[in-house]
Amino acid sequence: MCGIIGIVAKSYVNQAIYDGLTVLQHRGQDAAGMVTYDQGRLYLRKDNGMVRDVFHTRHMLNLKGNMGIGHVRYPTAGCSSSAEAQPFYVNSPYGITLAHNGNLTNGEELKQDLFIEDLRHLNTDSDSEVLLNVLARELERLGKVRLEVDDVFDAVSRLYQRCRGGYAAVAMITGFGVLGFRDPNGIRPVAFGERDTDKGKEYIIASESVAIDALDFNLIRDIAPGEAVFITTDGKLYTRQCAEHPRYSPCIFEYVYLARPDSIIDNISVYKARLRMGETLARKIMRLRPDHDIDVVIPIPDTGRTSALPLAFNLGLKYREGFIKNRYIPRTFIMPGQAVRKKSVRQKLNAIDLEFRDKNVLLVDDSIVRGNTSSEIIQMARDAGANKVYFASAAPPVCYPNVYGIDMPSVNELIAHNRTEEEVAKLIGADWLIYQDLDDLIEAVSAGNPDIKDFDLSCFNGKYVTGDINQDYLNHIDQMRNDGAKSRQEGNEENLIDLSNSV
(Lines give C-alpha, C1' and ligand atoms only; values in the text may rest on other atoms or scores of the structure.)
Protein backbone atom coordinates (compact mmCIF):
# COMPACT_ATOMS: atom_id res chain seq x y z
CA MET A 1 0.00 0.00 0.00
CA CYS A 2 1.03 3.58 -0.62
CA GLY A 3 -0.55 6.98 -0.16
CA ILE A 4 -1.12 9.52 -2.92
CA ILE A 5 -2.26 13.13 -2.98
CA GLY A 6 -2.69 15.86 -5.59
CA ILE A 7 -3.78 19.47 -5.14
CA VAL A 8 -4.62 22.34 -7.48
CA ALA A 9 -4.97 25.56 -5.50
CA LYS A 10 -4.81 29.34 -5.70
CA SER A 11 -1.69 29.58 -3.54
CA TYR A 12 1.39 27.47 -2.86
CA VAL A 13 0.52 23.81 -2.21
CA ASN A 14 3.77 22.59 -0.63
CA GLN A 15 2.58 22.85 2.98
CA ALA A 16 -0.82 21.32 2.20
CA ILE A 17 0.76 18.37 0.40
CA TYR A 18 3.22 17.90 3.27
CA ASP A 19 0.39 17.93 5.81
CA GLY A 20 -1.65 15.54 3.67
CA LEU A 21 1.25 13.12 3.42
CA THR A 22 1.69 13.10 7.19
CA VAL A 23 -2.00 12.16 7.51
CA LEU A 24 -1.41 9.34 5.01
CA GLN A 25 1.85 8.24 6.65
CA HIS A 26 0.23 5.01 7.87
CA ARG A 27 0.07 3.87 4.22
CA GLY A 28 3.85 3.89 3.82
CA GLN A 29 6.91 4.73 5.87
CA ASP A 30 9.67 3.69 3.48
CA ALA A 31 9.89 6.83 1.31
CA ALA A 32 8.15 10.10 0.59
CA GLY A 33 8.12 12.56 -2.29
CA MET A 34 6.52 15.69 -3.69
CA VAL A 35 6.63 17.54 -6.99
CA THR A 36 5.19 21.00 -7.62
CA TYR A 37 4.77 23.20 -10.69
CA ASP A 38 5.42 26.92 -10.98
CA GLN A 39 5.83 29.11 -14.08
CA GLY A 40 6.89 26.37 -16.45
CA ARG A 41 9.18 24.51 -14.06
CA LEU A 42 8.87 21.40 -11.90
CA TYR A 43 10.33 21.17 -8.41
CA LEU A 44 10.90 17.66 -7.04
CA ARG A 45 12.00 16.31 -3.68
CA LYS A 46 11.92 12.62 -2.75
CA ASP A 47 13.97 10.28 -0.61
CA ASN A 48 13.81 7.32 1.76
CA GLY A 49 12.26 7.92 5.16
CA MET A 50 9.24 9.36 6.90
CA VAL A 51 7.66 12.58 5.66
CA ARG A 52 9.18 14.61 8.50
CA ASP A 53 12.65 13.29 7.62
CA VAL A 54 12.47 13.78 3.86
CA PHE A 55 11.25 17.39 3.79
CA HIS A 56 13.27 20.05 5.58
CA THR A 57 12.82 23.81 5.46
CA ARG A 58 15.28 24.21 2.58
CA HIS A 59 13.31 21.69 0.53
CA MET A 60 9.94 23.26 1.29
CA LEU A 61 11.20 26.69 0.24
CA ASN A 62 12.15 25.28 -3.15
CA LEU A 63 8.86 23.45 -3.72
CA LYS A 64 7.12 26.37 -5.39
CA GLY A 65 3.79 26.47 -7.15
CA ASN A 66 0.02 26.23 -6.85
CA MET A 67 -0.18 22.68 -8.20
CA GLY A 68 1.51 19.46 -7.14
CA ILE A 69 1.33 15.79 -6.22
CA GLY A 70 2.81 13.74 -3.39
CA HIS A 71 3.44 10.16 -2.33
CA VAL A 72 4.30 7.99 0.68
CA ARG A 73 5.61 4.55 -0.15
CA TYR A 74 6.31 1.17 1.24
CA PRO A 75 8.00 -1.37 -1.01
CA THR A 76 5.62 -4.00 -2.38
CA ALA A 77 8.50 -6.13 -3.66
CA GLY A 78 10.80 -5.41 -0.74
CA CYS A 79 13.28 -3.04 -2.37
CA SER A 80 13.69 0.15 -0.37
CA SER A 81 16.03 2.05 -2.65
CA SER A 82 15.53 5.79 -2.94
CA ALA A 83 15.69 5.27 -6.71
CA GLU A 84 12.14 3.93 -6.46
CA ALA A 85 10.77 6.77 -4.34
CA GLN A 86 7.93 8.60 -6.05
CA PRO A 87 6.71 10.69 -7.86
CA PHE A 88 8.33 9.53 -11.10
CA TYR A 89 8.97 11.92 -14.01
CA VAL A 90 9.23 11.70 -17.79
CA ASN A 91 9.98 14.77 -19.87
CA SER A 92 8.24 13.55 -23.03
CA PRO A 93 5.57 14.34 -23.86
CA TYR A 94 4.72 17.56 -22.03
CA GLY A 95 6.55 16.67 -18.82
CA ILE A 96 4.51 14.21 -16.74
CA THR A 97 4.92 13.20 -13.11
CA LEU A 98 3.01 10.36 -11.46
CA ALA A 99 2.45 8.84 -8.01
CA HIS A 100 0.78 5.45 -7.72
CA ASN A 101 -0.74 3.09 -5.16
CA GLY A 102 -1.22 -0.54 -6.17
CA ASN A 103 0.31 -3.11 -8.46
CA LEU A 104 0.13 -3.93 -12.15
CA THR A 105 -0.32 -7.66 -12.62
CA ASN A 106 0.93 -7.47 -16.23
CA GLY A 107 3.82 -5.18 -15.39
CA GLU A 108 6.51 -7.43 -16.87
CA GLU A 109 4.63 -7.72 -20.15
CA LEU A 110 4.18 -3.96 -20.29
CA LYS A 111 7.89 -3.40 -19.66
CA GLN A 112 8.72 -5.47 -22.73
CA ASP A 113 6.15 -3.62 -24.83
CA LEU A 114 7.42 -0.24 -23.70
CA PHE A 115 11.00 -1.13 -24.61
CA ILE A 116 10.44 -3.00 -27.87
CA GLU A 117 7.47 -1.14 -29.34
CA ASP A 118 7.67 2.28 -27.72
CA LEU A 119 11.48 2.51 -27.33
CA ARG A 120 11.13 3.67 -23.74
CA HIS A 121 13.80 3.07 -21.11
CA LEU A 122 12.77 2.15 -17.56
CA ASN A 123 15.30 2.86 -14.83
CA THR A 124 13.71 0.98 -11.92
CA ASP A 125 11.79 -2.20 -11.17
CA SER A 126 8.76 -0.20 -10.04
CA ASP A 127 5.51 -0.76 -11.87
CA SER A 128 4.68 2.87 -11.05
CA GLU A 129 7.29 3.83 -13.62
CA VAL A 130 5.59 1.42 -16.02
CA LEU A 131 2.21 3.06 -15.42
CA LEU A 132 3.72 6.52 -15.99
CA ASN A 133 5.31 5.48 -19.27
CA VAL A 134 2.11 3.86 -20.52
CA LEU A 135 0.25 7.11 -19.81
CA ALA A 136 3.01 9.11 -21.48
CA ARG A 137 2.96 6.88 -24.54
CA GLU A 138 -0.81 7.13 -24.92
CA LEU A 139 -0.61 10.94 -24.72
CA GLU A 140 2.31 10.92 -27.14
CA ARG A 141 0.26 9.09 -29.75
CA LEU A 142 -1.94 12.18 -30.05
CA GLY A 143 0.90 14.15 -31.60
CA LYS A 144 -0.50 17.43 -30.28
CA VAL A 145 1.42 20.46 -29.14
CA ARG A 146 -1.48 21.61 -26.93
CA LEU A 147 -3.69 19.17 -25.10
CA GLU A 148 -7.41 19.33 -24.43
CA VAL A 149 -9.15 17.67 -21.49
CA ASP A 150 -10.80 15.07 -23.73
CA ASP A 151 -7.35 14.08 -24.96
CA VAL A 152 -6.34 13.20 -21.39
CA PHE A 153 -9.45 11.11 -20.86
CA ASP A 154 -8.91 9.32 -24.18
CA ALA A 155 -5.37 8.45 -23.10
CA VAL A 156 -6.65 7.06 -19.79
CA SER A 157 -9.19 4.94 -21.69
CA ARG A 158 -6.38 3.38 -23.70
CA LEU A 159 -4.30 2.95 -20.53
CA TYR A 160 -7.15 0.93 -19.01
CA GLN A 161 -7.08 -1.35 -22.05
CA ARG A 162 -3.36 -2.02 -21.54
CA CYS A 163 -2.92 -2.09 -17.75
CA ARG A 164 -4.29 -4.81 -15.47
CA GLY A 165 -4.23 -5.00 -11.71
CA GLY A 166 -5.29 -2.82 -8.81
CA TYR A 167 -4.17 0.79 -8.88
CA ALA A 168 -5.04 4.37 -8.04
CA ALA A 169 -2.85 7.18 -9.32
CA VAL A 170 -2.38 10.92 -9.49
CA ALA A 171 -0.44 12.47 -12.36
CA MET A 172 0.51 16.03 -13.15
CA ILE A 173 0.85 17.25 -16.73
CA THR A 174 3.19 20.22 -16.68
CA GLY A 175 1.33 23.48 -17.13
CA PHE A 176 -1.99 21.76 -17.79
CA GLY A 177 -3.39 20.10 -14.68
CA VAL A 178 -3.64 17.19 -12.25
CA LEU A 179 -5.18 13.84 -13.18
CA GLY A 180 -6.56 11.18 -10.87
CA PHE A 181 -7.72 7.71 -11.96
CA ARG A 182 -8.66 4.33 -10.48
CA ASP A 183 -8.53 0.83 -11.92
CA PRO A 184 -11.75 -0.54 -13.52
CA ASN A 185 -12.36 -2.81 -10.51
CA GLY A 186 -11.91 -0.04 -7.95
CA ILE A 187 -9.56 -2.20 -5.91
CA ARG A 188 -7.40 0.57 -4.46
CA PRO A 189 -9.10 3.61 -2.89
CA VAL A 190 -8.95 7.24 -4.01
CA ALA A 191 -11.32 10.18 -3.49
CA PHE A 192 -11.52 13.88 -4.33
CA GLY A 193 -12.76 17.03 -2.67
CA GLU A 194 -13.05 20.79 -2.98
CA ARG A 195 -13.02 23.98 -0.95
CA ASP A 196 -13.97 27.58 -1.63
CA THR A 197 -11.49 30.40 -1.13
CA ASP A 198 -11.57 34.13 -1.79
CA LYS A 199 -9.70 33.47 -5.03
CA GLY A 200 -11.91 30.59 -6.20
CA LYS A 201 -12.27 26.82 -5.85
CA GLU A 202 -9.40 24.54 -4.92
CA TYR A 203 -9.38 20.77 -5.45
CA ILE A 204 -7.71 17.77 -3.88
CA ILE A 205 -7.31 14.08 -4.79
CA ALA A 206 -6.16 11.68 -2.05
CA SER A 207 -6.01 7.99 -1.15
CA GLU A 208 -8.29 8.43 1.86
CA SER A 209 -10.96 10.91 2.87
CA VAL A 210 -9.15 11.60 6.14
CA ALA A 211 -6.52 13.59 4.24
CA ILE A 212 -9.27 15.59 2.54
CA ASP A 213 -10.92 16.32 5.89
CA ALA A 214 -7.67 17.20 7.65
CA LEU A 215 -6.81 19.83 5.04
CA ASP A 216 -10.25 21.44 5.40
CA PHE A 217 -11.54 20.33 2.01
CA ASN A 218 -15.05 18.97 1.57
CA LEU A 219 -15.27 15.40 0.31
CA ILE A 220 -17.09 15.25 -3.03
CA ARG A 221 -16.97 11.48 -3.48
CA ASP A 222 -14.73 8.55 -4.33
CA ILE A 223 -13.41 8.25 -7.83
CA ALA A 224 -15.49 5.44 -9.33
CA PRO A 225 -13.87 2.32 -10.77
CA GLY A 226 -12.61 3.13 -14.25
CA GLU A 227 -13.26 6.84 -13.81
CA ALA A 228 -10.80 9.68 -14.31
CA VAL A 229 -10.84 13.14 -12.75
CA PHE A 230 -8.93 16.05 -14.24
CA ILE A 231 -8.36 19.46 -12.65
CA THR A 232 -6.91 22.17 -14.87
CA THR A 233 -4.37 24.71 -13.64
CA ASP A 234 -7.08 27.38 -13.59
CA GLY A 235 -9.23 25.30 -11.23
CA LYS A 236 -11.83 23.63 -13.46
CA LEU A 237 -12.92 20.07 -12.60
CA TYR A 238 -13.81 17.45 -15.21
CA THR A 239 -14.76 13.78 -14.79
CA ARG A 240 -15.38 10.94 -17.20
CA GLN A 241 -15.97 7.20 -17.03
CA CYS A 242 -13.10 5.83 -19.14
CA ALA A 243 -13.38 2.04 -18.75
CA GLU A 244 -15.50 -0.23 -20.93
CA HIS A 245 -16.70 -2.60 -18.21
CA PRO A 246 -16.15 -1.08 -14.73
CA ARG A 247 -17.23 -2.95 -11.63
CA TYR A 248 -16.99 -2.23 -7.92
CA SER A 249 -14.69 -4.71 -6.17
CA PRO A 250 -12.80 -2.71 -3.52
CA CYS A 251 -10.15 -4.39 -1.42
CA ILE A 252 -11.78 -5.51 1.82
CA PHE A 253 -8.41 -5.51 3.62
CA GLU A 254 -8.53 -1.70 3.54
CA TYR A 255 -11.36 -1.91 6.07
CA VAL A 256 -9.65 -4.60 8.14
CA TYR A 257 -6.25 -3.00 8.56
CA LEU A 258 -4.85 -0.62 5.96
CA ALA A 259 -7.07 2.48 6.15
CA ARG A 260 -7.34 4.86 9.08
CA PRO A 261 -10.54 4.30 11.06
CA ASP A 262 -11.63 7.91 10.50
CA SER A 263 -11.68 7.43 6.72
CA ILE A 264 -14.75 6.80 4.61
CA ILE A 265 -14.02 4.62 1.59
CA ASP A 266 -16.67 4.08 -1.07
CA ASN A 267 -19.30 5.48 1.30
CA ILE A 268 -18.37 2.97 3.99
CA SER A 269 -17.08 4.23 7.33
CA VAL A 270 -13.96 2.24 8.18
CA TYR A 271 -14.62 2.84 11.88
CA LYS A 272 -18.18 1.52 11.77
CA ALA A 273 -17.12 -1.46 9.65
CA ARG A 274 -14.60 -2.42 12.34
CA LEU A 275 -17.23 -2.00 15.04
CA ARG A 276 -19.46 -4.42 13.15
CA MET A 277 -16.53 -6.86 12.83
CA GLY A 278 -16.37 -6.97 16.61
CA GLU A 279 -20.11 -7.58 16.85
CA THR A 280 -20.07 -10.49 14.40
CA LEU A 281 -17.02 -11.96 16.13
CA ALA A 282 -18.84 -11.84 19.47
CA ARG A 283 -21.78 -13.69 17.93
CA LYS A 284 -19.44 -16.42 16.73
CA ILE A 285 -17.82 -16.79 20.16
CA MET A 286 -21.25 -17.17 21.79
CA ARG A 287 -22.24 -19.70 19.17
CA LEU A 288 -19.10 -21.82 19.58
CA ARG A 289 -18.44 -21.36 23.32
CA PRO A 290 -21.49 -20.03 25.16
CA ASP A 291 -19.91 -21.24 28.40
CA HIS A 292 -16.54 -19.55 27.81
CA ASP A 293 -14.37 -18.58 30.78
CA ILE A 294 -12.99 -15.31 29.40
CA ASP A 295 -12.36 -12.73 32.14
CA VAL A 296 -11.28 -9.71 30.12
CA VAL A 297 -10.96 -8.50 26.51
CA ILE A 298 -7.71 -6.74 25.65
CA PRO A 299 -7.05 -5.20 22.22
CA ILE A 300 -3.74 -5.22 20.41
CA PRO A 301 -3.25 -1.56 19.57
CA ASP A 302 -4.09 0.21 17.46
CA THR A 303 -6.17 -1.47 14.76
CA GLY A 304 -7.53 -4.19 17.04
CA ARG A 305 -9.08 -1.66 19.40
CA THR A 306 -12.16 -0.69 17.38
CA SER A 307 -13.34 -4.30 17.00
CA ALA A 308 -12.48 -5.24 20.58
CA LEU A 309 -14.81 -2.64 22.11
CA PRO A 310 -18.13 -3.98 20.73
CA LEU A 311 -16.87 -7.55 21.13
CA ALA A 312 -16.43 -7.02 24.87
CA PHE A 313 -19.75 -5.17 25.15
CA ASN A 314 -21.71 -7.88 23.36
CA LEU A 315 -20.11 -10.60 25.49
CA GLY A 316 -20.78 -8.63 28.69
CA LEU A 317 -17.08 -8.64 29.56
CA LYS A 318 -14.62 -6.09 30.89
CA TYR A 319 -12.61 -4.21 28.29
CA ARG A 320 -9.11 -3.18 29.34
CA GLU A 321 -6.11 -1.58 27.70
CA GLY A 322 -3.45 -4.13 28.61
CA PHE A 323 -0.74 -3.04 26.19
CA ILE A 324 0.90 0.36 26.02
CA LYS A 325 2.24 1.30 22.61
CA ASN A 326 5.43 3.17 21.89
CA ARG A 327 4.24 5.45 19.10
CA TYR A 328 7.74 6.08 17.84
CA ILE A 329 8.17 2.59 16.44
CA PRO A 330 6.80 2.05 12.89
CA ARG A 331 4.25 -0.61 11.99
CA THR A 332 5.87 -4.06 11.95
CA PHE A 333 3.76 -5.20 8.98
CA ILE A 334 5.64 -2.70 6.82
CA MET A 335 9.13 -3.46 8.06
CA PRO A 336 11.38 -5.32 5.59
CA GLY A 337 13.18 -8.33 7.01
CA GLN A 338 11.84 -10.78 9.58
CA ALA A 339 14.63 -10.17 12.09
CA VAL A 340 13.84 -6.46 12.30
CA ARG A 341 10.13 -7.21 12.58
CA LYS A 342 10.55 -9.64 15.49
CA LYS A 343 12.94 -7.37 17.38
CA SER A 344 10.54 -4.43 17.18
CA VAL A 345 7.51 -6.10 18.80
CA ARG A 346 8.64 -5.78 22.42
CA GLN A 347 10.02 -2.32 21.71
CA LYS A 348 6.63 -1.29 20.38
CA LEU A 349 4.37 -2.83 23.05
CA ASN A 350 4.63 -3.22 26.80
CA ALA A 351 2.18 -5.19 28.93
CA ILE A 352 0.51 -3.85 32.09
CA ASP A 353 0.92 -6.81 34.43
CA LEU A 354 -2.09 -6.11 36.65
CA GLU A 355 -4.45 -6.47 33.67
CA PHE A 356 -3.13 -9.98 32.95
CA ARG A 357 -2.21 -11.48 36.30
CA ASP A 358 -4.21 -14.69 36.99
CA LYS A 359 -6.81 -13.90 34.31
CA ASN A 360 -8.13 -15.66 31.24
CA VAL A 361 -7.62 -12.97 28.59
CA LEU A 362 -8.98 -12.66 25.09
CA LEU A 363 -6.57 -10.71 22.88
CA VAL A 364 -8.15 -9.09 19.81
CA ASP A 365 -6.22 -8.11 16.69
CA ASP A 366 -7.31 -7.00 13.23
CA SER A 367 -5.72 -10.00 11.48
CA ILE A 368 -2.95 -12.59 11.60
CA VAL A 369 -0.55 -12.58 8.65
CA ARG A 370 2.76 -14.24 9.48
CA GLY A 371 1.91 -15.01 13.08
CA ASN A 372 5.28 -13.95 14.50
CA THR A 373 3.92 -10.76 16.03
CA SER A 374 0.91 -12.64 17.45
CA SER A 375 3.21 -15.23 18.97
CA GLU A 376 5.38 -12.58 20.62
CA ILE A 377 2.35 -10.77 22.04
CA ILE A 378 0.83 -13.98 23.42
CA GLN A 379 4.12 -14.74 25.15
CA MET A 380 4.14 -11.21 26.57
CA ALA A 381 0.68 -11.87 28.03
CA ARG A 382 1.88 -15.10 29.63
CA ASP A 383 5.00 -13.37 30.99
CA ALA A 384 2.66 -10.76 32.52
CA GLY A 385 0.91 -13.54 34.47
CA ALA A 386 -2.08 -14.50 32.32
CA ASN A 387 -3.69 -17.80 33.26
CA LYS A 388 -5.01 -18.56 29.77
CA VAL A 389 -4.52 -16.59 26.56
CA TYR A 390 -7.19 -16.71 23.87
CA PHE A 391 -6.73 -14.90 20.56
CA ALA A 392 -9.39 -13.45 18.23
CA SER A 393 -8.81 -12.16 14.71
CA ALA A 394 -11.30 -9.66 13.27
CA ALA A 395 -10.41 -11.04 9.84
CA PRO A 396 -10.58 -14.57 8.41
CA PRO A 397 -7.37 -16.60 7.93
CA VAL A 398 -4.97 -14.89 5.50
CA CYS A 399 -4.08 -17.83 3.29
CA TYR A 400 -3.07 -16.32 -0.05
CA PRO A 401 -0.79 -13.51 -1.23
CA ASN A 402 -2.21 -10.18 -2.29
CA VAL A 403 -1.20 -9.16 -5.82
CA TYR A 404 -2.84 -5.73 -5.93
CA GLY A 405 -0.40 -3.62 -3.97
CA ILE A 406 -0.26 -5.06 -0.44
CA ASP A 407 3.00 -6.69 0.57
CA MET A 408 1.49 -9.91 1.84
CA PRO A 409 4.45 -12.25 2.32
CA SER A 410 5.35 -15.26 0.29
CA VAL A 411 2.56 -17.83 0.55
CA ASN A 412 4.84 -20.14 2.53
CA GLU A 413 5.30 -17.37 5.11
CA LEU A 414 1.54 -16.98 5.70
CA ILE A 415 0.90 -18.90 8.90
CA ALA A 416 -2.66 -19.91 7.97
CA HIS A 417 -1.76 -21.29 4.54
CA ASN A 418 -2.64 -25.02 4.47
CA ARG A 419 -3.15 -25.07 8.26
CA THR A 420 -6.22 -25.54 10.45
CA GLU A 421 -7.19 -23.06 13.16
CA GLU A 422 -5.98 -25.55 15.77
CA GLU A 423 -2.58 -25.82 14.08
CA VAL A 424 -2.23 -22.04 13.90
CA ALA A 425 -3.26 -21.71 17.55
CA LYS A 426 -0.55 -24.15 18.54
CA LEU A 427 2.08 -22.34 16.49
CA ILE A 428 1.33 -18.93 17.99
CA GLY A 429 0.92 -20.37 21.49
CA ALA A 430 -2.76 -19.54 22.04
CA ASP A 431 -5.03 -21.67 24.21
CA TRP A 432 -7.81 -21.01 21.71
CA LEU A 433 -7.90 -19.13 18.41
CA ILE A 434 -11.00 -17.75 16.74
CA TYR A 435 -11.10 -16.23 13.28
CA GLN A 436 -13.82 -14.10 11.76
CA ASP A 437 -15.92 -15.97 9.18
CA LEU A 438 -15.56 -14.57 5.67
CA ASP A 439 -19.32 -14.14 5.25
CA ASP A 440 -19.44 -12.20 8.51
CA LEU A 441 -16.61 -9.94 7.36
CA ILE A 442 -18.43 -9.23 4.11
CA GLU A 443 -21.61 -8.50 6.07
CA ALA A 444 -19.79 -6.16 8.45
CA VAL A 445 -18.28 -4.10 5.63
CA SER A 446 -21.06 -4.15 3.05
CA ALA A 447 -23.64 -2.99 5.60
CA GLY A 448 -22.17 0.47 5.16
CA ASN A 449 -22.97 0.52 1.43
CA PRO A 450 -25.33 -2.19 0.16
CA ASP A 451 -24.72 -1.02 -3.43
CA ILE A 452 -21.31 -2.69 -3.35
CA LYS A 453 -21.97 -6.37 -4.00
CA ASP A 454 -18.42 -7.62 -4.50
CA PHE A 455 -15.08 -7.14 -2.77
CA ASP A 456 -11.57 -8.25 -3.53
CA LEU A 457 -11.21 -11.10 -1.03
CA SER A 458 -8.19 -12.69 -2.64
CA CYS A 459 -5.96 -12.88 0.44
CA PHE A 460 -8.72 -14.88 2.16
CA ASN A 461 -10.15 -17.05 -0.64
CA GLY A 462 -7.51 -17.03 -3.39
CA LYS A 463 -9.94 -15.64 -5.99
CA TYR A 464 -8.42 -12.71 -7.89
CA VAL A 465 -10.97 -10.30 -9.33
CA THR A 466 -8.91 -9.33 -12.38
CA GLY A 467 -9.08 -12.92 -13.62
CA ASP A 468 -5.51 -12.95 -14.92
CA ILE A 469 -3.62 -14.55 -12.02
CA ASN A 470 -2.15 -18.01 -12.56
CA GLN A 471 0.33 -20.15 -10.64
CA ASP A 472 3.27 -18.89 -12.70
CA TYR A 473 2.52 -15.33 -11.62
CA LEU A 474 2.11 -16.38 -7.98
CA ASN A 475 5.46 -18.19 -8.16
CA HIS A 476 7.01 -15.02 -9.57
CA ILE A 477 5.78 -12.78 -6.74
CA ASP A 478 6.74 -15.47 -4.22
CA GLN A 479 10.34 -15.19 -5.40
CA MET A 480 10.16 -11.40 -5.10
CA ARG A 481 8.52 -11.23 -1.67
CA ASN A 482 10.07 -13.93 0.47
CA ASP A 483 12.45 -12.77 3.18
CA GLY A 484 15.49 -14.14 1.37
CA ALA A 485 14.75 -12.02 -1.67
CA LYS A 486 14.19 -8.94 0.47
CA SER A 487 17.50 -9.41 2.24
CA ARG A 488 19.31 -9.67 -1.09
CA GLN A 489 17.57 -6.55 -2.38
CA GLU A 490 18.44 -4.58 0.73
CA GLY A 491 22.06 -5.70 0.44
CA ASN A 492 22.26 -4.51 -3.15
CA GLU A 493 20.85 -1.03 -2.56
CA GLU A 494 24.27 0.60 -2.50
CA ASN A 495 24.85 -0.53 -6.08
CA LEU A 496 21.77 1.23 -7.46
CA ILE A 497 21.99 4.48 -9.39
CA ASP A 498 19.52 7.14 -8.27
CA LEU A 499 18.51 9.45 -11.11
CA SER A 500 15.86 11.35 -9.13
CA ASN A 501 15.65 15.11 -9.65
CA SER A 502 15.75 16.13 -5.98
CA VAL A 503 15.79 19.80 -4.97
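These figures come from a predicted structure and were not determined experimentally.
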So, taking the atom named [atom1] in [X] and the one named [atom2] in [Y], what distance separates them when rounded to the nearest 0.5 Å?
{"X": "Leu457", "Y": "Phe253", "atom1": "CG", "atom2": "CZ", "answer": "12.0 Å"}
{"X": "Ile205", "Y": "Phe230", "atom1": "CD1", "atom2": "CZ", "answer": "9.5 Å"}
{"X": "Ile96", "Y": "Phe176", "atom1": "CD1", "atom2": "CZ", "answer": "11.5 Å"}
{"X": "Glu148", "Y": "Tyr238", "atom1": "CD", "atom2": "OH", "answer": "10.5 Å"}
{"X": "Gln86", "Y": "Leu98", "atom1": "CD", "atom2": "CG", "answer": "7.0 Å"}
{"X": "Ile69", "Y": "Leu21", "atom1": "CD1", "atom2": "CG", "answer": "10.5 Å"}

Answer yes or no: is there an ion pair linking [X] with [Y], defined by an N-O contact shorter than 4.0 Å?
{"X": "Asp150", "Y": "Arg240", "value": "yes"}
{"X": "Asp118", "Y": "Arg162", "value": "yes"}
{"X": "Lys348", "Y": "Glu376", "value": "no"}
{"X": "Arg27", "Y": "Glu208", "value": "yes"}
{"X": "Asp113", "Y": "Arg137", "value": "no"}

Nearest non-hydrogen partners of [X] and [Y], listed with the distance:
{"X": "Ala224", "Y": "Tyr248", "answer": "CA-OH, 4.3 Å"}
{"X": "Phe323", "Y": "Pro301", "answer": "CB-CD, 3.9 Å"}
{"X": "Val130", "Y": "Leu122", "answer": "CG2-CD1, 3.8 Å"}
{"X": "Leu110", "Y": "Leu104", "answer": "CD1-CD1, 4.0 Å"}
{"X": "Gly405", "Y": "Asn103", "answer": "N-CB, 3.5 Å"}
{"X": "Arg260", "Y": "Arg274", "answer": "C-NH1, 4.4 Å"}

- Message: If you apply the rule side chain to side chain contact (heavy atoms under 4.5 Å, CB included), what do you find for Phe217 with Phe192, and how did you get there?
- Response: CA-CA 9 Å; Phe217 284 81; Phe192 64 106; over 6 Å; no
- Task: For this output row, return yes or no: ring centroids of Tyr464 and Tyr400 closer than 6.0 angstrom.
- Result: no
So, [X] and [Y]: side-chain donor and acceptor under 3.5 Å apart, yes or no?
{"X": "Asp456", "Y": "Tyr404", "value": "no"}
{"X": "Tyr37", "Y": "Thr97", "value": "no"}
{"X": "Asp19", "Y": "Gln15", "value": "yes"}

Heavy atoms, side chains only, cut-off 4.5 Å: are [X] and [Y] in contact?
{"X": "Pro189", "Y": "Asn101", "value": "yes"}
{"X": "Met380", "Y": "Leu349", "value": "yes"}
{"X": "Arg195", "Y": "Ile212", "value": "no"}
{"X": "Asn372", "Y": "Glu413", "value": "no"}
{"X": "Lys46", "Y": "Arg73", "value": "no"}
{"X": "Lys201", "Y": "Leu237", "value": "no"}
{"X": "Pro299", "Y": "Glu321", "value": "yes"}
{"X": "Ile5", "Y": "Leu215", "value": "yes"}

- Could you give me the CA-CA distance, side-chain angles and deciding distance for Met50 and Gln29, then say whether side chain to side chain contact (heavy atoms under 4.5 Å, CB included) is met? CA-CA 5 Å; Met50 307 275 277; Gln29 303 165 11; 3.5 Å; yes
- Task: Take Glu84 and Asp125 through the side chain to side chain contact (heavy atoms under 4.5 Å, CB included) test and state the conclusion after the steps.
- Result: CA-CA 8 Å; Glu84 296 198 2; Asp125 293 326; 3.5 Å; yes
- Message: Quick one, Phe460 with Leu441, criterion side chain to side chain contact (heavy atoms under 4.5 Å, CB included). Give me CA distance, side-chain angles, the key distance, then yes/no.
- Response: CA-CA 11 Å; Phe460 303 122; Leu441 175 62; 3.7 Å; yes
